[in-house]
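These values consider heavy atoms only, across backbone and side chains, with no hydrogens, waters or symmetry-generated copies.
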Amino acid sequence: MQAEPQAEHQWLEQLIGEWTYESRGEGCPDAWTGTESVRSIGGVWVQCEGRGEMPGGGSATMMITLGYDPLKGRYVGTWIGSMMTYFWVYEGDMDSETNTLTLSAEGPSFTEEGKMGQYRDIIQIKSPDHHVMTSHTLREDGTWHNFMTADYRRVK
């Protein structure tokens, strides 16, 4: 079996490279910074490895995999981080008009112990050297709440 990269896979290749980021999050008065290295796996996946300091101290490593599943007709991926034990699984869709990929996942509630919540990570390409990722959680009233924003700038 040989996967043939499609246009959706090519969109992900915009993320390939070395990046620095600055994040701001709810409840964190100061921004935190880090780096991210993104590489292609066979032209059909990207692997993103981020490193940085957590708000309040301590280093963190995060790993994201992203691809496109032609059978599902959706983007798919995973997220893991050294600060938690949950394995996040993404599915998402592209809005080509806004150059935005919206990835949905279910995971542990950040506010209610023992409960699960609905989340969205949204990646928007602003230019070849700049993209933004925002993270949102679904509130009980049905609205999405942005709890974190990361601004990525290409280093190379």
Side-chain angles (χ1 to χ4, degrees), residues 8 11-39 41 45-69 72 74-156:
E8 292 85 357
W11 187 91
L12 292 169
E13 298 220 342
Q14 298 174 88
L15 300 172
I16 294 170
E18 302 296 322
W19 303 84
T20 60
Y21 67 83
E22 179 178 285
S23 292
R24 293 200 176 277
E26 186 174 284
C28 302
D30 299 320
W32 63 95
T33 61
T35 61
E36 185 173 70
S37 180
V38 183
R39 67 185 184 97
I41 300 175
W45 295 97
V46 294
Q47 177 184 6
C48 315
E49 183 173 357
R51 296 184 185 278
E53 293 297 314
M54 293 292 297
S59 62
T61 301
M62 295 79 52
M63 185 76 66
I64 298 173
T65 59
L66 294 173
Y68 180 78
D69 184 335
K72 290 183 176 183
R74 302 193 82 196
Y75 286 86
V76 294
T78 61
W79 187 96
I80 58 171
S82 61
M83 72 293 292
M84 65 179 64
T85 59
Y86 191 77
F87 183 80
W88 296 80
V89 177
Y90 286 130
E91 277 202 25
D93 297 297
M94 171 64 58
D95 180 340
S96 55
E97 286 185 30
T98 60
N99 212 14
T100 302
L101 175 61
T102 300
L103 300 162
S104 299
E106 181 178 64
S109 172
F110 293 159
T111 58
E112 296 183 66
E113 184 82 23
K115 294 203 175 196
M116 299 297 277
Q118 298 299 312
Y119 297 89
R120 284 185 181 163
D121 282 345
I122 300 173
I123 300 169
Q124 183 176 32
I125 305 293
K126 300 286 192 175
S127 75
D129 297 324
H130 179 214
H131 66 275
V132 175
M133 185 172 91
T134 56
S135 296
H136 308 258
T137 187
L138 184 62
R139 291 184 166 167
E140 285 187 25
D141 66 4
T143 61
W144 287 98
H145 174 68
N146 177 351
F147 64 87
M148 197 257 336
T149 300
D151 219 347
Y152 292 81
R153 303 285 178 175
R154 185 181 302 277
V155 176
K156 62 179 183 174

Item to complete: Work out which heavy atom in D121 is nearest to a heavy atom in S135; give both atom names and the distance.
Response: OD1-OG, 2.6 Å

Worksheet item: Would L66 and L103 satisfy side chain to side chain contact (heavy atoms under 4.5 Å, CB included), going step by step from the backbone distance to the final call?
Response: CA-CA 10 Å; L66 294 173; L103 300 162; 3.6 Å; yes

Fill in: E106 side chain reached by Q118 side chain, heavy atoms, under 4.5 Å
yes

Practice prompt. Quick one: list whatever passes salt bridge (Lys or Arg N to Asp or Glu O under 4.0 Å) with R120, sequence neighbours left out.
Written response: none

Practice prompt. Show your reasoning for whether side chain to side chain contact (heavy atoms under 4.5 Å, CB included) applies to M83 and M62.
Written response: CA-CA 9 Å; M83 72 293 292; M62 295 79 52; 3.6 Å; yes

Worksheet, complete the sentence: OG1 (T20) and CD (E18) are apart, to the nearest 0.5 Å, by 10.5 Å

Discussion item. Suppose the criterion is side chain to side chain donor-acceptor pair (under 3.5 Å): which pairs have a residue in residues 52-63, not counting sequence neighbours?
Written reply: R51-T61

Worksheet item: Hey, are the side chains of D151 and R24 touching, using non-hydrogen atoms and a 4.5 Å cut-off?
Response: no

Discussion item. Once salt bridge (Lys or Arg N to Asp or Glu O under 4.0 Å) is applied, do any residues pair with E113, and if so which ones, sequence neighbours excluded?
Written reply: none

Practice prompt. Quick one: list whatever passes ring pair (Phe, Tyr, Trp, His ring centres under 6.0 Å) with Y21, sequence neighbours left out.
Written response: Y152

Item to complete: Output all residues satisfying salt bridge (Lys or Arg N to Asp or Glu O under 4.0 Å) with D95, sequence neighbours left out; order by chain, then residue number.
Response: none

Worksheet entry | Ring centroid separation Y68 to W11 under 6.0 Å | no

Discussion item. Treating R154 as the side-chain partner and P128 as the backbone partner, does any N or O pair qualify as donor plus acceptor under 3.5 Å?
Written reply: yes

Item to complete: Only pairs at least two apart or in different chains count here, so list each side chain to side chain donor-acceptor pair (under 3.5 Å) that has a residue in residues 74-86.
Response: T65-T78, R74-E91, R74-D93

Practice prompt. Working to the nearest 0.5 Å, report the span between CH2 of W144 and OG1 of T134.
Written response: 11.0 Å

Discussion item. Quick check on side-chain contact (heavy atoms from CB on, under 4.5 Å): which of L12, L15, V132 does I123 satisfy it with?
Written reply: L15

Discussion item. Are E36 and M133 packed together at the side-chain level, in the sense that at least one heavy-atom pair is separated by less than 4.5 angstrom?
Written reply: no

Practice prompt. With rounding to the nearest 0.5 Å, note down the distance linking NE2 in H136 to OG1 in T102.
Written response: 8.0 Å

Worksheet item: Which distance, rounded to the nearest 0.5 Å, do you find between the OG1 of T137 and the CZ of F110?
Response: 7.0 Å

Worksheet item: Is any side-chain heavy atom of H145 less than 4.5 Å from a side-chain heavy atom of F147?
Response: yes

Discussion item. Tell me the closest heavy-atom pair linking Y119 and G107, and the distance in Å.
Written reply: CE1-O, 3.6 Å

Worksheet, complete the sentence: For Q14 and W19 the tightest heavy-atom approach is O-CZ2, 3.8 Å

Practice prompt. Enter the distance from K115:NZ to S109:OG here, rounded to the nearest 0.5 Å.
Written response: 8.0 Å

